[in-house]
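Following: one structure in structure tokens, then a few remarks.
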Amino acid sequence: MNILVINCGSSSLKFQLIDSESEQVSAKGLCERIGIAGSRLVYQKAGADKQVSEAPMPDHKAAIRMVIGALTDRETGVVTSLSQIGAVGHRIVHGGERFAASVLLDDDVTEAIEACSGLAPLHNPANLTGIRACRELMPDTPMAAVFDTAFHQTMPQEAYLYGIPYDCYEKYGIRRYGFHGTSHSYVSKRAAQVMGRDLATLKLIVCHLGNGASVSAVRYGKSVDTSMGLTPLEGLIMGTRSGDMDPAIIEFIAHQEGKTLAEVMEILNKESGVLGLSGGLSSDFRDLEDAYCREMPEGIRAIKTFVYRVAKYIGAYTAAMNGVDGICFTAGLGENSPLIRSLVCEYLGYLGVRLDQEQNQKRGQDTVISTPDSGTAVLVIPTNEELAIAREAAALLQK
Ligand code: ADP
């Protein structure tokens with residue numbers, strides 16, 4: 001069955017058409033600048049060159065119409081009609097406590113996603129516009145909602161509560177939710193396969209290191225802790241997000257610089273992380289690694305601080321699970337950066353970690369990068385959130 005996977009942002013929409021049997025992507029692409037001048041569709045059929053079509057897309061409905069047009073186009077399309085798309089899988093950022101698993105979309109579910117919007121005011125409304133547009137244009141096609149937060153709903157209370165008045169949890173749902181759940185779940189399952197072990201017997205730590213970054217502790221197949229919190233701002237130092245810090249810093253900066261709360265939050269979300277640490281040099285690790293290798297203090301500072309935070313989380317989660325069998329690296333940086341992986345592993349002598357330097361040079365494929373005699377296995381597992389969403393949608397339809 002062809003499954004259309006949709007990941008909707010406020011002004012963008014990414015899509016992939018995946019055959020659930022062969023798990024091959026037949027076409028994929030991206031609508032950019034939706035609702036802004038200069039909107040365009042980048043479309044790529046498997047094995048063909050990318051095509052760019054500029055056309056006005058005043059809203060997400062217009063964007064989905066363009067996507068359907070491209071997928072069913074006589075020359076460049078991959079299906080002859082909409083009826084050949086068996087289901088749509090939507091990536092939804094926040095499912096609150098309501099969703100601990102993927103679900104088929106109906107009016108109730110759509111309303112519940114709307115009710116979670118207060119927890120993710122930038123993301124859920126954008127996801128909802130995609131859902132509504134698809135439901136209007138494809139009213140007969142079943143749709144699944146797959147949540148970034150769902151996998152982490154197994155965290156125990158001691159891991160998800162903050163040390164603030166319990167009222168705040170009861171009244172407003174302030175707690176750790178965690179994100180990147182689809183990726184952490186996919187990678188932990190795949191790691192067990194690569195290790196030739198049953199997931200239900202393994203303690204794994206998954207480091208999803210991209211522009212947004214998070215670590216999770218996955219014990220016996222279930223998430224028991226993760227570094228992102230109520231929002232994706234907590235945890236690791238990221239491309240432009242601060243990650244963990246003393247909350248009093250917010251008031252301090254506001255006071256010192258005469259800024260509003262919203263302005264300080266903008267700094268913490270958009271101007272911090274390795275971008276901020278490198279004095280504005282770059283949020284892209286390729287630039288920072290280049291600066292690190294040329295011994296520029298900006299690059300050294302950003303990378304060392306980033307790596308140290310990752311290593312601290314690995315230590316914390318090893319303690320939380322009373323041991324660890326495998327440490328997995330994934331996402332843009334985790335999959336592609338031998339330097340970052342080896343710098344993190346330098347901290348892991350206490351786990352008996354020994355890196356195979358040759359294996360560590362490999363990119364973009366499932367690889368065990370530790371030596372056979374390493375005390376703990378270290379793996380690179382490329383994540384594939386779109387495939388995971390397609391699998392979830394197919395499984396729901398089979399039920
Ligand atoms: P997101 O999905 O959160 O936007 P990605 O998972 O695509 O992010 O990861 C983006 C990050 O991965 C960027 O910082 C980029 O520099 C880094 N990255 C990608 N390729 C490489 C590479 N070859 N070497 C080092 N870093 C890389």
Side-chain angles (χ1 to χ4, degrees), residues 5-16 28-30 32 42 91-93 120 122-123 126-127 146 148-149 178-187 190 206-216 226-228 231-243 269-278 280-294 296 298-307 309-310 328-345 360-365 367 369 380-389:
V5 176
I6 300 266
N7 181 357
C8 224
S10 57
S11 66
S12 71
L13 184 159
K14 289 188 208 148
F15 66 94
Q16 286 194 6
K28 63 180 179 181
L30 161 73
E32 292 172 310
V42 182
R91 177 194 180 198
I92 311 295
V93 168
L122 295 178
H123 295 104
N127 300 156
V146 181
D148 266 18
T149 49
F179 299 88
H180 293 140
T182 313
S183 176
H184 288 290
S185 165
Y186 175 90
V187 169
R190 188 76 200 118
V206 179
C207 306
H208 177 113
L209 310 180
N211 200 19
S214 66
V215 190
S216 68
T226 190
S227 58
M228 282 178 168
T231 75
L233 187 56
E234 194 184 351
L236 296 181
I237 291 168
M238 307 184 211
T240 62
R241 295 188 195 124
S242 64
N269 274 295
K270 304 264 173 72
E271 296 168 31
S272 300
V274 287
L275 173 69
L277 274 169
S278 66
L281 181 69
S282 179
S283 65
D284 192 305
F285 274 87
R286 282 164 287 205
D287 301 331
L288 296 170
E289 284 189 18
D290 184 53
Y292 178 93
C293 293
R294 289 194 282 127
M296 287 165 64
E298 296 86 346
I300 292 173
R301 193 162 70 214
I303 286 193
K304 279 193 157 179
T305 317
F306 173 84
V307 163
R309 181 78 54 92
V310 176
C328 314
F329 288 97
T330 194
L333 185 60
E335 289 166 29
N336 291 300
S337 175
L339 173 69
I340 295 292
R341 295 193 297 249
S342 92
L343 290 174
V344 170
C345 287
N360 187 37
Q361 296 308 312
K362 292 196 178 155
R363 286 164 200 258
Q365 52 181 303
T367 315
I369 58 169
V380 173
I381 306 283
T383 191
N384 192 338
E385 288 167 285
E386 290 79 12
L387 177 58
I389 292 171

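All figures in this text were calculated on a predicted structure; none of them were measured in a lab. Whatever order the structure lists ligands and atoms in, that order sets their numbers, starting from 1. Quick note: numbers below take in every heavy atom, side chains included, and nothing from hydrogens, waters or symmetry partners.
- A donor-acceptor pair is defined here as one N or O able to donate and one able to accept, closer than 3.5 Å; such a pair exists between the side chain of S227 and the backbone of V215.
- Side-chain N or O atoms of T240 include one that pairs as donor or acceptor with a backbone N or O of N269 at under 3.5 Å.
- Remark: F306 pairs with F285 by the ring pair (Phe, Tyr, Trp, His ring centres under 6.0 Å) rule, at least two apart or across chains.
- In this structure, the side chains of N7 and F15 stay at 4.5 Å or more apart for every pair of heavy atoms.
- Below 4.0 Å from some heavy atom of A331 lie the following atoms of ligand 1, by number and element: 6 (O).
- For atom 14 (O) of ligand 1, the closest heavy atom belonging to the protein is F285 N, 3.3 Å.
- The closest non-hydrogen atom to atom 6 (O) of ligand 1, taken over S337, P232, G332, S282, comes from G332.
- When each atom of ligand 1 is checked for a heavy atom of E289 under 4.0 Å away, the hits are 25 (C).
- In summary, D290 and R294 engage in a salt bridge, as defined by a charged side-chain N under 4.0 Å from a carboxylate O.
- For atom 22 (C) of ligand 1, the closest heavy atom belonging to the protein is N336 CB, 3.5 Å.
- Within ligand 1, the atoms closer than 4.0 Å to a non-hydrogen atom of R363 are 22 (C), 23 (N), numbered from 1 in the order shown.
- Nearest non-hydrogen protein atom to atom 16 (O) of ligand 1 is D284 OD1, 2.4 Å.
- Using a 4.0 Å threshold on non-hydrogen atoms, atom 1 (P) of ligand 1 counts as touching the protein.
- Sorted by first and then second residue, the side-chain hydrogen bond (donor to acceptor under 3.5 Å, both in side chains) pairs involving residues 328-345 (not counting sequence neighbours) are E289-S337, T330-E335, R341-N360.
- Using the six-membered ring where Trp is involved, H208 and H180 have ring planes that are parallel, under 30° apart on the 30 and 60° scheme.
- Taking every heavy atom of G210 and a limit of under 4.0 angstrom, the matching atoms of ligand 1 come to 5 (P), 6 (O), 8 (O), 9 (O).
- When only modelled atom types and interatomic distance are considered, S183 and T383 share a side-chain donor-acceptor pair under 3.5 Å.
- The shortest contact between atom 10 (C) of ligand 1 and any protein heavy atom is with N211 N, 3.7 Å.
- When the heavy atoms of G334, G212, S283 are ranked by distance to atom 3 (O) of ligand 1, first place goes to G212.
- Scanning the protein heavy atoms around atom 26 (N) of ligand 1, the nearest turns out to be L333 CD1, 3.7 Å.
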